[in-house]
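Below, all heavy atoms of this structure are taken into account, side chains as well, without hydrogens, waters or symmetry copies.
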Amino acid sequence: MGGPKALLEHGGRSLLAQHVDAFAALGIPRYVVVRPELVAHLRGSLGDAVLVESDADFQSGSLARALAVLPAELERVFVTPVDLPPPARSTLLALEAALGDAHDAVTPRYRGKGGHPVLLRPRSFAALLRSAEPPSLRSLLEAMGARRLRVDVDDPHVVHDFDTPRQARDAGITRPW
């Protein structure tokens with residue numbers, strides 16, 4: 001893409017800033033950003049964000065690094081990549097409403113296809129934090145079985161991601177560089 005996908009713009013603002021705004025609108029005050037190339041760029045520009053550098057060669061290593069810095073008293077954690085437009089407020093509210101005591105994770109589903117963000121209880125990723133080679137988020141979710149709930153939502157953003165410049169252009173994404 002020529003630069004970090006999180007800094008790509010949709011509607012004139014970076015995808016990362018839009019994700020932060022979406023979660024802040026729900027009253028979620030803390031967020032963790034894990035990407036070395038973003039930490040240097042964002043330092044001081046995202047308020048109370050915790051910026052964590054991870055040199056892990058795999059996504060689950062970076063996720064484990066991010067989860068390790070979260071306060072122990074958290075009851076829930078949203079996990080989302082930022083190479084997709086942020087989810088609708090209604091999606092975030094539906095995930096929160098669905099997270100009951102019987103579930104460790106809630107994931108959105110749009111037209112039968114799973115997506116992001118994922119809402120997790122901290123107890124669900126304790127093993128991930130202890131592992132020398134953490135499992136992928138997908139593997140962690142699959143291992144949960146009935147403790148994972150899938151919620152149907154009417155929000156195509158939960159499944160839109162892009163890996164090529166053409167896919168980004170087709171989604172209305174622009175590059176600021």
Side-chain angles (χ1 to χ4, degrees), residues 5-6 15-35 38-39 46-54 56-161:
K5 287 195 231 179
L15 292 173
L16 179 61
Q18 291 182 42
H19 279 268
V20 167
D21 289 350
F23 289 105
L26 282 184
I28 298 173
R30 294 185 189 134
Y31 39 96
V32 178
V33 177
V34 183
R35 296 298 304 174
L38 292 178
V39 170
L46 286 179
D48 293 335
V50 176
L51 302 175
V52 178
E53 294 190 53
S54 173
D57 290 335
F58 45 94
Q59 199 173 37
S60 59
S62 292
L63 176 60
R65 177 77 173 97
L67 295 173
V69 302
L70 295 173
E73 71 272 6
L74 289 179
E75 295 178 15
R76 69 202 195 301
V77 174
F78 278 104
V79 175
T80 190
V82 291
D83 64 345
L84 68 164
R89 178 178 174 82
S90 60
T91 296
L92 298 175
L93 291 172
L95 296 175
E96 283 195 317
L99 185 65
D101 290 336
H103 300 106
D104 285 342
V106 180
T107 58
R109 187 172 47 199
Y110 176 73
R111 295 185 178 174
K113 185 176 177 185
H116 287 279
V118 174
L119 182 58
L120 298 170
R121 290 204 179 278
R123 68 183 181 219
S124 69
F125 54 77
L128 184 135
L129 297 177
R130 291 190 301 268
S131 176
E133 288 192 35
S136 69
L137 182 58
R138 180 183 308 267
S139 296
L140 182 71
L141 291 169
E142 288 172 357
M144 287 182 190
R147 294 185 341 265
R148 173 191 184 186
L149 178 65
R150 291 177 176 92
V151 175
D152 289 318
V153 298
D154 188 27
D155 181 1
H157 288 163
V158 303
V159 297
H160 284 175
D161 69 343

The criterion is ring-ring contact (aromatic ring centres under 6.0 Å, His included); which residues satisfy it with Tyr110, sequence neighbours excluded?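 Tyr110 satisfies ring-ring contact (aromatic ring centres under 6.0 Å, His included) with no residue once adjacent residues are dropped.
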Is the shortest side-chain heavy-atom distance between Pro108 and Leu95 below 4.5 Å?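 Answer yes - side chains close enough.
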Heavy-atom check, side chain of Leu99 versus side chain of Leu149, under 4.5 Å: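 In short, these two side chains do not touch, never coming nearer than 4.5 Å.
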Taking all non-hydrogen atoms of both residues into account, name the closest pair between [X] and [Y] and its distance.
X      : Y      : answer
Val153 : Ala94  : CG1-CB, 4.5 Å
Ala146 : His103 : O-CD2, 3.6 Å
Asp155 : Ala88  : OD2-N, 2.7 Å

According to the salt bridge (Lys or Arg N to Asp or Glu O under 4.0 Å) rule, which pairs have a member within residues 143-152, sequence neighbours left out?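 The answer is Asp104-Arg147, Arg109-Asp152.
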Among residues two or more places apart or on two chains, list those pairs meeting salt bridge (Lys or Arg N to Asp or Glu O under 4.0 Å) that have a residue in residues 77-98.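 Every salt bridge (Lys or Arg N to Asp or Glu O under 4.0 Å) pair that includes a residue of residues 77-98, provided the two are not neighbours, is Lys5-Asp83, Arg76-Glu96.
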Interatomic distance, Leu119 atom CG to Thr91 atom OG1 [nearest 0.5 angstrom]: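 So the gap between those two atoms works out to 12.5 Å.
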In a check of side chain to side chain contact (heavy atoms under 4.5 Å, CB included) between Pro117 and each of Val77, Val79, Leu92, which one passes?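 The passing option is Leu92.
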Going by salt bridge (Lys or Arg N to Asp or Glu O under 4.0 Å), name the residues that satisfy it together with Asp154, two or more places apart in sequence or in a different chain.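 With sequence neighbours excluded, Asp154 shows a salt bridge (Lys or Arg N to Asp or Glu O under 4.0 Å) to no residue whatsoever.
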Give the C-alpha distance, both sets of side-chain angles, the deciding distance and a yes or no for side chain to side chain contact (heavy atoms under 4.5 Å, CB included) between Val118 and Arg138. CA-CA 10 Å; Val118 174; Arg138 180 183 308 267; over 6 Å; no
Which atom pairs, donor and acceptor, lie under 3.5 Å between side-chain atoms of residues 17-27 and protein residues at least two apart or in another chain?
| unit_1 | atom_1 | unit_2 | atom_2 | d |
| --- | --- | --- | --- | --- |
| Gln18 | NE2 | His10 | O | 2.5 |
| Gln18 | NE2 | Arg13 | O | 3.0 |
| His19 | NE2 | Leu84 | O | 2.8 |
| Asp21 | OD2 | Arg13 | NH1 | 2.7 |
| Asp21 | OD2 | Arg13 | NH2 | 2.6 |

Evaluate the side chain to side chain contact (heavy atoms under 4.5 Å, CB included) criterion for residues Leu137 and His116: first the C-alpha distance (whole Å), next the side-chain angles of each, then the deciding distance (0.1 Å), finally the verdict. CA-CA 11 Å; Leu137 182 58; His116 287 279; 4.1 Å; yes
Side chain to side chain contact (heavy atoms under 4.5 Å, CB included) involving Ala143 - partner list, sequence neighbours excluded: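 If we apply the side chain to side chain contact (heavy atoms under 4.5 Å, CB included) test to Ala143, skipping adjacent residues, there are no hits.
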